[in-house]
Amino acid sequence: MTITSLLHGATLGDELLLAHVLKKSREYLLSHGEQRVSITHARRFQALKKRLHKGEPLAYILGTAPFAHLEFKVSKNVLIPRPETELLVEKATEFLKNKK
């Protein structure tokens, strides 16, 4: 089975999961669709995909979440950083810089 066959009809989340399983970038997947994927990797991808489609947040499955140009480790025991919070931090930083 190939990358393309695994990603047929895939969502962005599916692509990110397969990239995670293969330890490759999403761009790599899109440009190397003919590459064969081992049964072990395909099964791991299918298991993670099932969790995603049952509603588990992608960040919890991947174990990381981006925030303010950094990558934070996350688990079910922590909140996933939100883009709105990142915007709030940017605005607060900008306000404080101008407060001299």
Side-chain angles (χ1 to χ4, degrees):
M1 118 185 19
T2 65
I3 289 172
T4 299
S5 65
L6 283 173
L7 292 179
H8 179 73
T11 65
L12 172 60
D14 296 337
E15 291 175 3
L16 294 172
L17 285 177
L18 186 56
H20 173 76
V21 167
L22 297 177
K23 296 182 178 17
K24 301 287 185 185
S25 70
R26 181 171 169 254
E27 294 78 16
Y28 178 90
L29 300 182
L30 299 175
S31 62
H32 292 83
E34 75 289 346
Q35 181 181 327
R36 296 199 53 75
V37 176
S38 73
I39 289 290
T40 302
H41 284 126
R43 286 183 180 154
R44 178 80 175 128
F45 168 65
Q46 294 298 340
L48 296 179
K49 185 176 171 179
K50 184 182 275 188
R51 289 170 56 190
L52 181 67
H53 290 274
K54 282 185 175 180
E56 186 173 346
L58 181 62
Y60 289 158
I61 297 170
L62 297 177
T64 61
F67 183 79
H69 308 293
L70 300 169
E71 199 71 23
F72 285 86
K73 288 185 179 184
V74 296
S75 72
K76 293 177 183 177
N77 300 320
V78 300
L79 295 173
I80 298 168
R82 305 292 306 160
E84 299 83 7
T85 309
E86 188 170 347
L87 178 61
L88 185 61
V89 169
E90 288 174 10
K91 294 294 183 185
T93 302
E94 184 180 308
F95 173 78
L96 292 173
K97 282 182 182 177
N98 294 328
K99 193 77 174 147
K100 295 179 185 179

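We number each residue from 1, following the sequence as shown.
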Next on the checklist: Membership question, hydrophobic clusters at under 4.5 Å side-chain separation (ILVMFWY): are V74 and L70 in the same one?
Outcome noted: no
Item to check | Full working for side-chain contact (heavy atoms from CB on, under 4.5 Å) between V37 and V21 | outcome: CA-CA 10 Å; V37 176; V21 167; over 6 Å; no
Next on the checklist: So, taking the atom named CG in L18 and the one named CG in L7, what distance separates them when rounded to the nearest 0.5 Å?
Outcome noted: 5.0 Å
Next on the checklist: Listing request: all ring-ring contact (aromatic ring centres under 6.0 Å, His included) pairs with a residue in residues 5-36, at least two apart in sequence or in separate chains.
Outcome noted: Y28-H32
Checklist entry - Do any pairs count as a salt bridge (Lys or Arg N to Asp or Glu O under 4.0 Å) and have a residue in residues 19-38, sequence neighbours left out, and if so which ones? => result E15-R26
Less than 3.5 Å apart, which donor and acceptor atoms pair up between the side chains of residues 76-90 and the rest of the protein, not counting sequence neighbours?
| unit_1 | atom_1 | unit_2 | atom_2 | d |
| --- | --- | --- | --- | --- |
| E86 | OE1 | A68 | N | 3.4 |
| E86 | OE2 | A68 | N | 3.1 |

Checklist entry - Once you round to the nearest 0.5 Å, how far does CG of L96 lie from OG1 of T93? => result 6.5 Å
Checklist entry - Is there side-chain contact between L17 and L62, with heavy atoms separated by less than 4.5 Å? => result yes
Checklist entry - Just how far is it from atom CG of L58 to atom CG of L48, taken to the nearest 0.5 Å? => result 9.5 Å
Item to check | Within residues 36-77 or reaching into it, pairs that qualify as ring-ring contact (aromatic ring centres under 6.0 Å, His included) - sequence neighbours excluded | outcome: none
Checklist outcome for this item: Hits for side chain to side chain donor-acceptor pair (under 3.5 Å) against T4, two or more places apart or cross-chain, chain-then-number order -> none
Checklist entry - Is there a chain of hydrophobic side chains (I, L, V, M, F, W, Y, each step under 4.5 Å between heavy atoms) that links I3 to L30? => result no
Checklist outcome for this item: Sorted by chain and number, sequence neighbours left out, side chain to side chain donor-acceptor pair (under 3.5 Å) with E56 holds for R51
